[in-house]
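Please read the structure below before turning to the comments.
For ligands, and for the atoms within them, numbers begin at 1 and follow the listed sequence. Fair warning: this is a prediction, and the values are worked out from it, not measured in the lab.
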Amino acid sequence: MTTENYIKEFEKKVADGTVRLGVIGMGYVGMSLACEFAEAGINVLGFEINEERAEMLRRGRSYVRDITDEQLKRLRDNGTLDATSQFDQLTEMDAISICVPTPLRKSKDPDISFVMNASERIASFMRKGQVIVLESTTYPGTTDEVIRPTLEAGGGKAGVDFFLAFSPERVDPGNAHFGTKNTPKVVGGVTPVCTQMGSLLYSKVIDTVVPVSSPRCAEMVKLLENTFRIVNIGLVNEIAIMCDRLELNVWEVIDAAATKPFGFMPFYPGPGLGGHCIPVDPHYLAWKLRTLDYRARFIELAGEISSEMPEYVVSKVVTALNDQCRSVKGSQVLVVGAAYKRDTNDCRESPALDIIRILIKKGASVVYHDPYVPSLSLGSDELSSVELSPEVLSAQHCSVIVTDHSCLDIGSLIKNSTVVVDTRNATKGEVDRSKVVLL
Ligand SMILES: NC(=O)c1ccc[n+]([C@@H]2O[C@H](COP(=O)([O-])OP(=O)(O)OC[C@H]3O[C@@H](n4cnc5c(N)ncnc54)[C@H](O)[C@@H]3O)[C@@H](O)[C@H]2O)c1
C-alpha cells in the first residue's frame, strides 16, 4: 500500500468510527483518554504492564478518582473498552497513544525508560499505516530523537509507512469545568502528514485541536505551561514570605490585585509543590538546556523557593506552639489533608508528607486527617487518617490545614482546635478567625 492509501484508510475508519485505539499505560492520563474515546463509541484497548491493574479494568474496577466503576463497567459491557497485558495485540490497532510515566531519577535527570520500553514494544508489533502519538510529558526532542529511530529500526519510515506525533496531555485532575474533551489538544507530527493524521484522530473526540509545526514544538508547549506555573507559584510563595515580614495579609493583597481586569492573573501561595507534573516537568526542560550549556535559572529559583515552603509552614507551627509556651517536641499536631491537591487522593510529591516528616523529626506527635487517603506510609512510620471529631481536635495543640478539601467542616475545625495554621486561606469567610494563623 502507498502512503496515500494508508491516509485514506485511516480517514475512513475515523469517519465511520471503526478506528481501533490502543492506549499504552492505563494510569490517570491513559484511563481518561481511553474513556473519552470509548464514550464516543470508539473501540479502545488499554495496554497495561501491571497485570493487576489490567485485571481490575477488565472487572470494571477503577483506581482513578475521576473515573467511576459504573462508567468502566458500562464501557466494558457495551464493548468499547477493554484492557490487556498482552502486547502482541498492538498489531491490531490503527492508532496507539503512549501514556506511560516520565519521572525523574534521584539525580533530577529525566527517566524516559518507560517511554523507551513502550516504543520498543510498539516496534516489535508494528503494522504499516499505524498512527502513533506520545502523550507523556517529556523534553523537546524525545519524539524525534528517541521514539522515531526506535520505530524506524524495523525499516519503515515515519510519514511514509507509519505516522508519528507528540500531543501533550493537559488535563487538570479534579477540574469540574475542563476535562479531556473541552481542553484544546496540541498536536505536532514529525512530518506535516503526521500532524494531519494525529489531529484527525483527536478531532473525533476533542472539541478543539491545535496543530503545530513539529513534535519538538508540542513538547515545548507543555513545558512552557508547567514552567509558567512553577515560576508563578514560586513567585507568590516568596510574596507570601515578604508579606509576613511586612505584617501584611498576602491573601488580601492578592484578592485586591486580582480586581485588575487585565495584566494580572492570581496565583496563590501554599505549603509547597506537589503532584506528578509541576515539581517534575520543568526539570525535564532544565536538563535538556544543561546539555546545551544553558542554565534554566527561573526554574531553579522557583523550585528552590517552593521546596522550602514545608519548612516555612513548620516554622508557623513552631511559632503557634511557642505562643502557648510549648515546644514542638512532645506537642500533638494534626495535619489536615495529605493529598497534594484539594478533592483528590493523589499524594505524589505532596508537601503534606514533608511537613509530617519534619514535625515527627522535631519530636511532635503527629496525626493526620484526609477523607481520600485512609493510610500513609512514611519510612518506618505508618499513619492512619483520624476522624475530625471534637475530641480529636481538642486533643491537639495545633491543627495545620495543608489541603483544603471542599468537604472539610472548617467551622468545627476552628471551634474545636486550640490554634489553626491555615496554609490555603481555607478559613476565609469564617466569622471568628481569632485562632487562625495564615500563611
Ligand atoms: N496525571 C496528570 O495529571 C498528568 C497531566 C498531564 C500530563 N501527565 C503526564 O502523562 C504521563 C502519564 O502520567 P499518569 O499520571 O497517567 O501516570 P500513572 O503513573 O498514573 O500511569 C502510568 C501507567 O503506565 C503503566 N506503564 C508503565 N510502563 C508501561 C509500559 N511499558 N507499558 C504499559 N503500561 C506501562 C503503569 O503501570 C501505570 O499504570 C506522564 O508523562 C505525566 O507527566 C500527567
Side-chain angles (χ1 to χ4, degrees), residues 22-36 44-58 61-67 83-90 93 96-104 110-125 132-140 142-143 146-147 150 166-175 178-180 183-186 218-219 221-230 273-285 287 339-350:
V23 176
I24 304 187
M26 291 292 276
Y28 184 83
V29 166
M31 283 253 269
S32 309
L33 185 77
C35 288
E36 205 63 54
V44 183
L45 183 57
F47 293 84
E48 174 51 60
I49 205 164
N50 178 333
E51 288 184 21
E52 227 171 274
R53 282 193 158 192
E55 178 56 26
M56 278 178 81
L57 293 179
R58 281 194 294 274
R61 292 210 25 232
S62 175
Y63 39 77
V64 165
R65 227 181 99 74
D66 289 358
I67 292 162
T84 182
S85 296
Q86 305 299 316
F87 287 75
D88 53 350
Q89 290 188 65
L90 281 169
M93 302 300 118
I96 299 168
S97 165
I98 307 173
C99 303
V100 295
T102 42
L104 287 174
D111 175 2
I112 57 159
S113 59
F114 299 91
V115 171
M116 281 304 297
N117 182 293
S119 324
E120 283 158 8
R121 284 167 191 264
I122 297 173
S124 309
F125 300 108
I132 294 149
V133 186
L134 176 64
E135 297 230 2
S136 306
T137 308
T138 185
Y139 59 83
T142 311
T143 309
V146 179
I147 301 194
T150 310
F166 180 80
S167 178
E169 177 52 78
R170 305 162 103 185
V171 288
D172 177 21
N175 191 319
F178 292 101
T180 304
T183 303
K185 196 95 175 95
V186 173
E219 287 157 343
V221 167
K222 174 73 185 178
L223 295 179
L224 166 62
E225 290 165 7
N226 283 356
T227 300
F228 174 83
R229 290 187 62 75
I230 199 177
L273 297 173
H276 184 48
C277 296
I278 308 298
V280 174
D281 302 350
H283 289 289
Y284 268 66
L285 183 56
W287 174 84
Y340 86 89
K341 188 173 184 182
R342 79 185 325 214
D343 299 341
T344 77
N345 62 352
D346 194 344
C347 289
R348 289 179 292 184
E349 316 279 332
S350 174

Query raised in the report: Shortest non-hydrogen contact from Phe47 to Gly22?
Result: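 That closest heavy-atom pairing would be CE1-CA, 3.8 Å.
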
So for ligand 1, is [X] a polar contact partner (N or O within less than 3.5 Å, distance only)?
X	answer
Thr102	yes
Val29	yes
Lys222	no
Ile49	yes
Arg170	no

Query raised in the report: Is the CD atom of Glu55 crowded by more than 12 outside heavy atoms at less than 6.0 Å?
Result: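 Buried by this count: over 12 neighbours within 6.0 Å.
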
Query raised in the report: Below 4.5 Å, heavy atoms only, C-beta onward: do Leu33 and Ser97 meet side chain to side chain?
Result: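 In contact.
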
**Report entry** Student check: side-chain heavy atoms of Ser119 and Val146 closer than 4.5 Å
**Finding:**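 They are not in side-chain contact.
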
Query raised in the report: Just checking, any donor-acceptor pair under 3.5 angstrom between side chains of Asp346 and Tyr28?
Result: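 Tyr28 and Asp346 do not have a side-chain donor-acceptor pair below 3.5 Å.
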
Query raised in the report: What atoms of ligand 1 come closer than 4.0 angstrom to any heavy atom of Ile24?
Result: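 Here the atoms of ligand 1 in question are 32 (N), 33 (C).
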
Query raised in the report: Of all the heavy atoms in Met31, does at least one lie under 4.0 Å from an atom in ligand 1?
Result: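 No heavy atom of Met31 comes that close to ligand 1.
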
Query raised in the report: Does some non-hydrogen atom of Arg348 fall short of 4.0 Å from ligand 1?
Result: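 Under 4.0 Å: yes for Arg348.
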
